[in-house]
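Notes follow once the structure below has been shown.
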Amino acid sequence: MICGMTVHIEFTDVSGFVSKEFYPTPAKQSLPHWYSDLKPFESIDAKKEITQTAKRCVPILDSFTTGYIIYTPTDVEVMINNEGRYVYRWAHKLAIEFQALWQVGKHSGGDDRYDAIPKMPNPWGVKTPSGYSCMYIPPMNRDDAVFEIFAGVVDTDKFHQNGSMPFLLKEKDFEGVIPAGTPMAQVVPFRRESYEMSFGDDTQRVGASRQLDSMRTVFINAYRKFMWSPKSYK
């Protein structure tokens, strides 16, 4: 991942309860249907002019294939009770937990359906080499997500425990089953560095213009050909 070096990341089922079919996978093994079913080229008018789709967009591809996916370890049923509040039922020892609604302040997702913020069980402890942390984010560019976790960053070179992931339902009034094996979080390891922001001047603007000119020398795949660096997550 950096200068050709392979960085080891270790996932441990701290609970001991997760079925192997729901173990984490490289993110590239969990593409959403809208992207998998998309053709790379489409005709957009009567002239049959062929145009590239998002399937050919390398930055979008990288978003789907970066890091690893953690899946829900148990079925979770969401219901609305007679008081109009969400209630939950789960099919496993790994249970939904809760935190007080006030802990997310005025977050717009915490509406009057919630008595508390639910937390999806995450049985996985993650261990990375010294100097590496992990971002836990909602799986990127998913149109089929029923819920969305609160993103977080964990220094996984020091903290290797499991935990629970606070989440909110994306569709108000949702009722139904979130099946075990639903993508829950995208885990993206990164090396901790010190960063300092600056702003480019005319020299950088000229350089950017020249870079764009060079990319326009080919019909397709300019970014992939001239700029893109392959990434590997196994």
Side-chain angles (χ1 to χ4, degrees), residues 11-37 63-64 67-126 134-154 159-188:
F11 291 80
T12 299
D13 173 15
V14 178
S15 74
F17 294 140
V18 181
S19 299
K20 287 190 175 181
E21 61 187 303
F22 304 134
Y23 274 26
T25 66
K28 64 185 178 182
Q29 296 181 21
S30 183
L31 301 178
H33 290 301
W34 78 263
Y35 186 79
S36 296
D37 296 342
S63 78
F64 287 129
Y68 305 86
I69 298 294
I70 289 178
Y71 302 90
T72 54
T74 176
D75 283 358
V76 174
E77 184 175 13
V78 182
M79 299 164 285
I80 298 174
N81 64 17
N82 292 335
E83 287 74 42
R85 302 298 180 90
Y86 290 122
V87 292
Y88 308 86
R89 190 168 67 95
W90 45 88
H92 201 285
K93 294 179 181 179
L94 297 170
I96 292 285
E97 298 176 353
F98 299 92
Q99 67 183 56
L101 194 60
W102 60 261
Q103 290 182 286
V104 297
K106 296 183 179 180
H107 190 291
S108 61
D111 59 37
D112 56 7
R113 290 290 194 194
Y114 295 90
D115 281 323
I117 298 296
K119 300 197 293 184
M120 193 68 73
N122 170 32
W124 296 99
V126 177
C134 284
M135 290 190 294
Y136 290 72
I137 59 176
M140 287 188 273
N141 294 323
R142 307 287 307 212
D143 66 333
D144 57 350
V146 172
F147 68 96
E148 187 172 281
I149 65 165
F150 285 78
V153 174
V154 178
F159 184 82
H160 315 140
Q161 300 300 314
N162 64 326
S164 297
M165 297 182 177
F167 72 93
L168 293 169
L169 297 164
K170 293 189 69 175
E171 176 187 337
K172 185 176 181 179
D173 302 331
F174 171 82
E175 291 188 279
V177 174
I178 302 171
T182 298
M184 175 169 60
Q186 192 160 349
V187 180
V188 181

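Since the structure is predicted, the reported quantities are computational estimates derived from the model, not experimental observations.
With salt bridges taken as basic N to acidic carboxylate O contacts below 4.0 Å, one links Arg142 and Asp144.
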Would you check, one step at a time, whether the test side chain to side chain contact (heavy atoms under 4.5 Å, CB included) holds for Asn122 with Met165? CA-CA 7 Å; Asn122 170 32; Met165 297 182 177; 3.4 Å; yes

Take Gln29 and Ile69, measure what side chain to side chain contact (heavy atoms under 4.5 Å, CB included) needs, and give me the verdict at the end. CA-CA 9 Å; Gln29 296 181 21; Ile69 298 294; over 6 Å; no

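With a 4.5 Å cut-off on side-chain heavy atoms, Pro166 and Pro118 do not count as touching.
A ring-centre distance under 6.0 Å is found for Tyr88 and Phe98. A distance of 6.0 Å or more separates the ring centres of Tyr71 and Phe22. Taking the six-membered ring for Trp, Tyr68 and Phe11 have ring centres closer than 6.0 Å.
Using the six-membered ring where Trp is involved, Phe64 and Tyr35 have ring planes that are tilted, between 30° and 60° apart.
Panel note: side chain Ser15, backbone Phe17; a donor-acceptor pair is recorded below 3.5 Å. Without hydrogens or angle criteria, Thr72 side chain to Met120 main chain gives no donor-acceptor distance under 3.5 Å. Judged by distance alone, with hydrogens and angles left aside, the side-chain atoms of Gln186 form a donor-acceptor pair with the main-chain N or O of Ser63 at under 3.5 Å. In terms of modelled atom types and a separation under 3.5 Å, the side chain of Thr74 and the main chain of Ala91 share a donor-acceptor contact.
Closest of all the heavy-atom pairs between Tyr86 and Asp173 is OH-N, 2.9 Å. The minimum heavy-atom distance linking Ala116 with Gln99 is given by the pair CB-O, 3.3 Å.
Every residue was checked against the salt bridge (Lys or Arg N to Asp or Glu O under 4.0 Å) condition with Asp75, not counting sequence neighbours, and none meets it.
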